[in-house]
Amino acid sequence: MPVKALITGITGQDGSYLADFLLAKGYEVHGVVRRASTFNTGRIEHLYQDVHENKPGLRLHYGDLADGSALRHVLERVQPDEIYNLAAQSHVRISFDQSEYTADIVATGTLRLLEAFRDYVDKSGKAAKFYQAGSSEMFGAAAPPQDENTSFHPRSPYACAKVAAHWYARNMRESYGLFVANGILFNHESERRGETFVTRKITRAVGRIKEGLQEKLYLGNLDAKRDWGFAGDYVEAMWLMLQQDAADDYVVATGESHSVREFIEVAFGHADLDWQKYVEIDPRYFRPSEVDYLLGNAGKAREKLGWTPTVGFEELVLRMYQHDWGLAIREKFLADSGFRER
Ligand code: NAP
Ligand code: GDD
C-alpha cells in the first residue's frame, strides 16, 4: 500500500512542489482545495489526472481552514499517514489589511486541523504525523542569525498568527504525545512563487521591461534583508522532518542573506538593464512595521535531518529571471499577433 499524504495549501507554491516530490516517491497524494470562481489549480495542472482514469496518484478534496467539519470529513475519508499543513493567508503586507481573517486561517485554522488530527489519530489508531508550516517571520525583530533557540518577536498580524500556530502545534505534541513537527522556514522562492511577493514581482517586471511590455517597477523598502532559498529544496526538509523517530522543530535556511536591492541588481543585470532607470519607490508598499534582517542558522536540520540546500542566491535569481523572460516573450508574441491573454 502506498503511503498516503494529505496537503492543505496544495495549490500554493510549496504545496505544488511537495506534491511533485511525494508523487515521485510513490505516495498517494491528497490535497485540500478551496472553492473559487476561477481555476486555482494552475500550479498542479501538470499532476492532475481525471478521476475517471485508473488510480490517479493525486486526488483533490474541497475544504477550507475556516471549516472544521469539512477538515474532519477529509481526514476520515482519506485516512492519511502524513499531514502537511501549508494552507495560509501567507502575504505579510496583506495581513495588516486583513488581520482578523489572517488570524482565523493561520492561527485558529491550524488549531482546527490539529484538533481534527487528534481525534483522527485517536479513532483510527494510526501513528499519523503532522507538519506545521512555520515561518522566519516569527523571529521578526530578533537579531540575526536566528535559530531554534532565538526568541520570537513577530512584527505583523501574519507573524503573530504563525507564532500562535507554532505553539498550538507544540502544545499538541507536549500534551498528547502526538507526532507534530514545526518547520521554521526562511523565505523560499521559485518560478511558481506568487506574483506579489517581492522576488517574483521583480523577475516578472525585468522580463516584461526587457520585452517592452512595462516601463516602471514600483517597490517599497529596498533595504530589507532576507535569507532566500529555493522552494524545491525546502519541501524535502518538510518531508525529512516527518521521517524521524521523534517530532521536533527545525529552522530551514541557506545561511546567506541579501537585500531587496541586491536581488534587483542581480535580476536586472541578467537582462543587461540599468535598474536605476526603471525602479521607483512607492510608499504604499511600505509596511507599518518591517522585518529588517533575516538570516537563518540551519545547523540542526543539517546535522539531524542531513538536509542542505542545493540552489544558491545567484542561481535562484537566474532561474526565476529566465522563466519570467520566457513568459514575457510569449506575452509579447501574442500581443504582436493581435491576441490578448485573459
Ligand atoms: P502560497 O503560495 O500563498 O500558498 C498558500 C496556499 O494556502 C494556497 O494553496 C491557498 O489556496 C491556500 N489557502 C489560503 N487560504 C486558505 C484557506 N482559508 N483554506 C484552505 N487553503 C487556503 O504560500 P507558500 O509560499 O506555498 O507557503 C506555504 C506555507 O508555508 C504557508 O503556510 C506560508 O505561510 C508558509 N511559509 C512560506 C514561506 C515562503 O517563503 N514561501 C516561508 C515560511 C513559511 P489558493 O491557491 O486557493 O489561494
Ligand atoms: N511583497 C513586496 N512587494 N515586498 C516588497 C516590495 C513590494 O513591492 N518592496 C519591498 N518589499 C520588501 C518587503 O517590505 C519585505 O521586507 C521584503 O521585500 C520581502 O517581502 P515579501 O516578498 O512579501 O516576503 P516576506 O518576507 O514579507 O514574507 C514571505 O516570507 C515569509 C518567511 O520569512 C512570505 O512568503 C511569508 O508567507 C513567509 O512566512
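Indexing begins at 1, ligand by ligand and atom by atom, following the structure's order. In what follows, every heavy atom counts, from backbone to side chain, and hydrogens, waters and symmetry copies are set aside.
- Near Ala133, meaning under 4.0 Å from any of its heavy atoms, are these atoms of ligand 1: 29 (C), 30 (O), 32 (O).
- Residue contacts with ligand 2, taken as heavy atom pairs separated by less than 4.0 Å, involve Tyr158 solely via side-chain atoms from C-beta onward.
- Side-chain contact between Asp67 and Arg112 is absent, with no heavy atoms from C-beta onward closer than 4.5 Å.
- Here Lys201 has side-chain heavy atoms under 4.0 Å from ligand 2, and that is the only part of it that gets that close.
- Taking any N or O of Ala66, backbone or side chain, none lies under 3.5 Å from an N or O belonging to ligand 1.
- No more than 12 heavy-atom neighbours from other residues, nucleotides or ligands sit within 6.0 angstrom of NZ on Lys304.
- The protein non-hydrogen atom at the shortest distance from atom 28 (O) of ligand 2 is Val92 CG2, 3.5 Å.
- Using a 4.0 Å cut-off between heavy atoms, Tyr101 contacts ligand 1 through its side chain alone, with no backbone atom that close.
- Contact atoms of ligand 1 toward Asn187: 40 (O) (distance under 4.0 Å to a heavy atom of the residue).
- Glu100 CD: 12 or fewer foreign heavy atoms inside a 6.0 Å radius.
- Results of the side-chain hydrogen bond (donor to acceptor under 3.5 Å, both in side chains) test with Ser190 over His323, Arg43, Gln13 single out Gln13 as the only residue that passes.
- What sits closest to atom 1 (N) of ligand 2 on the protein, heavy atoms only, is Thr196 O, 2.9 Å.
- Under 4.0 Å from ligand 1, not a single heavy atom of Glu137 appears.
- Considering only heavy atoms from C-beta on, Ile202 comes within 4.5 Å of Leu219 through its side chain.
- The shortest contact between atom 38 (C) of ligand 1 and any protein heavy atom is with His188 CE1, 3.2 Å.
- With ring centers used as reference points, Phe130 lies 6.0 Å or more from Phe179.
- Nearest protein heavy-atom neighbour of atom 5 (C) of ligand 1: Ala88 O, 3.7 Å.
- At under 3.5 Å, not a single nitrogen or oxygen of Gln89, backbone or side chain, sits near a nitrogen or oxygen of ligand 1.
- Only the side chain of Ile105 comes within contact range of ligand 1, with a heavy atom under 4.0 Å; no backbone atom does.
- Between Phe313 and Trp228, the angle of the ring planes stays under 30°, which puts this pair in the parallel group of the 30/60° scheme.
- Closest to atom 11 (O) of ligand 1 by heavy atom, among Thr11, Thr199, Thr8, Val106, is Thr11.
- Counting atoms of ligand 2 from 1 in the listed order, those under 4.0 Å from a heavy atom of Ser90 are 34 (C), 36 (C), 37 (O).
- Heavy-atom proximity to Arg193, at under 4.0 Å, picks out these atoms of ligand 2: 29 (C), 34 (C), 35 (O).
- Backbone and side-chain nitrogen or oxygen atoms of Arg193 are examined, and one is located within less than 3.5 angstrom of a nitrogen or oxygen of ligand 1.
- Looking only at protein heavy atoms, the nearest one to atom 24 (O) of ligand 2 is Asn187 ND2, 3.7 Å.
- Distances below 4.0 Å separate heavy atoms of Phe197 from the following atoms of ligand 2: 1 (N), 22 (O), 23 (O), 34 (C), 35 (O).
- Considering backbone and side-chain N/O of Leu86, one or more are found under 3.5 Å from N/O of ligand 1.
- Relative to atom 21 (P) of ligand 2, the option among His91, Lys162, Arg287 with the closest non-hydrogen atom is Arg287.
- Checking only distances, Thr199 never comes within under 3.5 Å of ligand 2, N or O to N or O.
- Ligand 2 has no N or O atom lying under 3.5 Å from any N or O atom of Tyr285, backbone or side chain.
- For the side chain to side chain contact (heavy atoms under 4.5 Å, CB included) test, residues two or more places apart in sequence or in another chain that qualify with Glu315 are Val311.
- Below 3.5 Å of separation, one finds an N or O of Val198 facing an N or O of ligand 2.
- Between the side chains of His30 and Glu28, at least one donor-acceptor pair of N or O atoms lies under 3.5 Å.
- Closest heavy-atom approach to atom 36 (N) of ligand 1 among the candidates Phe186, Phe39, Trp228, Tyr158: Tyr158.
- For atom 15 (C) of ligand 2, the closest heavy atom belonging to the protein is Arg226 NH2, 3.5 Å.
- At a 4.0 Å heavy-atom cut-off, ligand 1 touches Gln13 through backbone and side chain alike.
- Heavy-atom minimum distance, Glu256 versus Thr254: N-OG1, 3.0 Å.
- Listed by atom number, the atoms of ligand 2 under 4.0 Å from Ala224 heavy atoms are 16 (O).
- Close approach of ligand 1 to Asp64 (heavy-atom distance below 4.0 Å) involves ligand atoms 17 (C), 18 (N), 19 (N), 20 (C).
- Within the set Leu219, Asn221, Ile202, the minimum heavy-atom distance to atom 12 (C) of ligand 2 is found for Asn221.
- Annotation for ligand 1: atoms under 4.0 Å from non-hydrogen atoms of Ser90 are 1 (P), 3 (O), 23 (O), 33 (C), 34 (O).
- In the model, Asn182 has no side-chain atom that pairs as donor or acceptor with a side-chain atom of Gln132 under 3.5 Å.
- Compare Ser135, Gly12, Ser95 by their heavy atoms: the one nearest to atom 8 (C) of ligand 1 is in Gly12.
- Smallest separation of non-hydrogen atoms from Tyr62 and Val74: O-CG2, 4.0 Å.
- With contacts defined as side-chain heavy-atom distances shorter than 4.5 Å, the pair Leu327/Glu331 does not qualify.
- Val180 and Tyr250 are not part of a single hydrophobic cluster, where members link through side-chain heavy atoms under 4.5 Å apart.
- Judged by a 6.0 Å distance limit and a 45° cone about the ring axis, Lys210 is not positioned over the six-membered ring of Tyr321.
- Aromatic rings from Tyr17 and Phe230 are positioned such that their centres are separated by under 6.0 Å.
- In summary, the aromatic rings of Tyr234 and Trp307 are positioned with their centroids under 6.0 Å apart.
- Ligand 1 has a nitrogen or oxygen under 3.5 angstrom from a nitrogen or oxygen of Leu65.
- Atom 43 (C) of ligand 1 has as its closest protein heavy atom Leu185 O, 3.1 Å.
- At least one N or O atom of Gly220 sits closer than 3.5 Å to an N or O atom of ligand 2.
- Scored by the salt bridge (Lys or Arg N to Asp or Glu O under 4.0 Å) test, Arg118 finds Glu115 as partners (sequence neighbours excluded).
- The atoms of ligand 2 that sit less than 4.0 Å from any heavy atom of Glu137 are 26 (O), 31 (C), 33 (O).
- Residue-ligand proximity, Ser136 to ligand 2, at heavy-atom distances under 4.0 Å covers atoms 32 (C), 33 (O).
- Atom 14 (O) of ligand 2 has as its closest protein heavy atom Glu290 OE2, 2.6 Å.
- Near Gly134, meaning under 4.0 Å from any of its heavy atoms, are these atoms of ligand 1: 43 (C), 44 (C).
- Nearest heavy atoms, Tyr27 versus Pro2: C-CB, 4.4 Å.
- Remark: Arg192 engages Asp20 in a salt bridge, criterion side-chain N to carboxylate O under 4.0 Å.
- By the 3.5 Å distance cut-off applied to N or O atoms, Ser135 is counted among the residues near ligand 2.
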